[in-house]
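In what follows, a structure is listed as C-alpha cells, so that the remarks can point back to it.
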Amino acid sequence: MAHSHKHHHSPRNGTTLAFWLNLIFSIIEIIGGMLTNSTAIISDAFHDFMDALAIGAAVLLEKISGKKLTSTFSYGYRRFSLLSALTMSVFLLVGAVLMIGTAYDSFLSPKVVDSKGMLWLAVLGILINGFAFLRIKKSDGHGHAHDHNSRAIMLHLLEDVLGWVAVLIGAVVIYYTGWYWIDGLLALAIAGFIGYNACKNLISTMKIVLQSIPENVNLQQLHFELKSIDGI
C-alpha cells in the first residue's frame with residue numbers, strides 16, 4: 001500500500017522540482033544574459049520564467065481542481081486550470097511581441113557578446129532542462145498514462161533543451177567567426193517560437209472554454225455509430 005501511495009504523489013513531486021529548477025535557472029539566465037550582453041539569453045530567461053510560473057500554477061490548480069463541488073461551483077473546480085492557461089498564453093504573447101522588437105534592433109545593430117559565457121550558460125541550460133524532463137518522465141511513468149499537465153510540462157522542457165542546443169551552436173559560431181548578429185537572430189527565433197506557441201495554446205484553450213468539439217472526435221462517424229444502434 002505504501003509503495004502505491006508513493007507512486008501516486010510522485011508526478012506532483014516531479015512538477016514541483018521542475019518549477020524550482022525553472023525559476024532558479026531563469027534568475028541565473030537574467031544575470032548571465034546581462035553579463036554576456038546576450039539578447040537571446042535574456043529572451044529565453046523570460047520564456048523560462050513564464051514556464052516556471054505555468055508549472056507552479058499547474059501544481060496549485062491541480063490541488064484546487066480536486067476540491068469537491070460547492071453551492072457556488074456546482075460543477076466543481078476542474079475548469080480552473082483554464083484560467084491559468086489563458087493568462088499565461090496572453091502574457092507570453094504580449095512578451096513575445098515586445099521581445100521581437102528588441103531582438104530586431106539587436107539583429108540590425110549587433111552588440112559585442114561574450115560567446116564563452118553564452119556557451120557555458122547553454123550547457124547549463126541543456127543539463128538543467130534535460131534533468132527536469134527526465135525527472136518528470138520517470139516520476140510519472142509507473143505503468144499509467146501521463147496526465148495532461150505532465151505531458152505539457154515535458155513538452156515545454158524538451159523545447160527548452162532544443163532551444164539551448166541552438167544557443168550552444170550559435171555561441172560556437174560567434175566564438176570562431178565574430179558574427180555577433182547571430183545573437184539577435186537567435187533572439188528573434190526564440191521570440192517568434194514563443195509567440196507561435198502562445199497563439200496555438202490560446203486558440204486551443206479558447207476552444208475548450210467555448211466548448212467546441214474536440215479535434216479527435218469525428219462528428220459524422222459518431223452520428224453513424226449512434227444511428228446504427230438498435231432502437232435509435
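Keep in mind that what you see is a predicted model, and the values were worked out from it rather than measured.
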Report the C-alpha separation of I30 and I42 in whole Å, then their side-chain angles, then the decisive distance to 0.1 Å, and conclude whether the side chain to side chain contact (heavy atoms under 4.5 Å, CB included) test is met. CA-CA 6 Å; I30 293 172; I42 293 175; over 6 Å; no
Is the number of heavy atoms from other residues, nucleotides or ligands under 6.0 Å of K111 NZ greater than 12? yes
Is it the case that one hydrophobic cluster holds both Y176 and V167, taking links as side-chain heavy atoms less than 4.5 Å apart, direct or via other members? yes
Indicate yes or no for a side-chain donor-acceptor contact from D44 to the backbone of A40 under 3.5 Å, with no hydrogens or angles considered. no
Check for me, please, whether I190 and I28 land in the same ILVMFWY cluster - side-chain distances under 4.5 Å, paths through other members count. yes
Among all residues two or more places apart in sequence or in another chain, which pass the side chain to side chain contact (heavy atoms under 4.5 Å, CB included) test with I182? V173, I174, W179, L186
Take F49 and L53 through the test side chain to side chain contact (heavy atoms under 4.5 Å, CB included) and record every step on the way to the result. CA-CA 6 Å; F49 180 72; L53 291 184; 3.7 Å; yes
Show me the pairs that pass salt bridge (Lys or Arg N to Asp or Glu O under 4.0 Å) and involve residues 99-110, at least two apart or across chains. none
Distance in Å, D48 CG paired with S43 OG, rounded so as to fall on 0.5 Å steps: 11.5 Å
Quick one: list whatever passes side chain to side chain contact (heavy atoms under 4.5 Å, CB included) with L168, sequence neighbours left out. L119, A122, V123, I126
A52 meets the side chain to side chain contact (heavy atoms under 4.5 Å, CB included) criterion, sequence neighbours left out, with F19, N22, L23
In chain order, what residues pass the salt bridge (Lys or Arg N to Asp or Glu O under 4.0 Å) check against K207, with sequence neighbours excluded? E215
Is L35 isolated, or which residues cluster with it under the ILVMFWY side-chain rule of less than 4.5 Å, directly or via members? I27, I31
Please round to the nearest 0.5 Å and tell me the distance separating atom OH of Y175 and atom CG of D114. 10.5 Å
Could you give all pairs that pass the salt bridge (Lys or Arg N to Asp or Glu O under 4.0 Å) test and reach residues 15-34, with sequence neighbours left out? none
Rounded distance [0.5 Å steps], OH in Y196 versus CG in N201: 10.0 Å
Over all atoms of both residues, closest heavy-atom pair of G195 and L93: O-CD1, 3.8 Å
Output the distance between atom CG (N37) and atom OH (Y180), rounded to the nearest 0.5 Å. 10.5 Å
Taking only residues two or more places apart in sequence, or in another chain, which ones meet F46 in a side chain to side chain contact (heavy atoms under 4.5 Å, CB included)? M50, F91, L92, M99
Could you grab the distance from atom OG of S26 to atom CG of L21, nearest 0.5 Å is fine? 11.0 Å
Restricting to side-chain hydrogen bond (donor to acceptor under 3.5 Å, both in side chains), what partner residues turn up for S106, sequence neighbours left out? T39
Is V165 reachable from F193 through a run of I, L, V, M, F, W or Y residues, each pair having side-chain heavy atoms under 4.5 Å apart? no
Check whether L121 and V161 end up in the same hydrophobic cluster, where Ile, Leu, Val, Met, Phe, Trp and Tyr are linked by side-chain heavy atoms less than 4.5 Å apart. yes
Salt bridge (Lys or Arg N to Asp or Glu O under 4.0 Å): which pairs involve residues 170-193, sequence neighbours left out? none
Does any pair with a residue in residues 20-39 pass ring pair (Phe, Tyr, Trp, His ring centres under 6.0 Å), and if so which ones, sequence neighbours excluded? F25-W164
For the hydrophobic clusters of this structure (ILVMFWY residues joined by side-chain heavy atoms under 4.5 Å, transitively), does one cluster hold both L162 and L127? no
Ignoring hydrogens, what is the shortest heavy-atom contact between A103 and A187? Give both atom names and the distance. CB-CB, 3.5 Å
Residues forming a side-chain hydrogen bond (donor to acceptor under 3.5 Å, both in side chains) with K200, sequence neighbours excluded: none
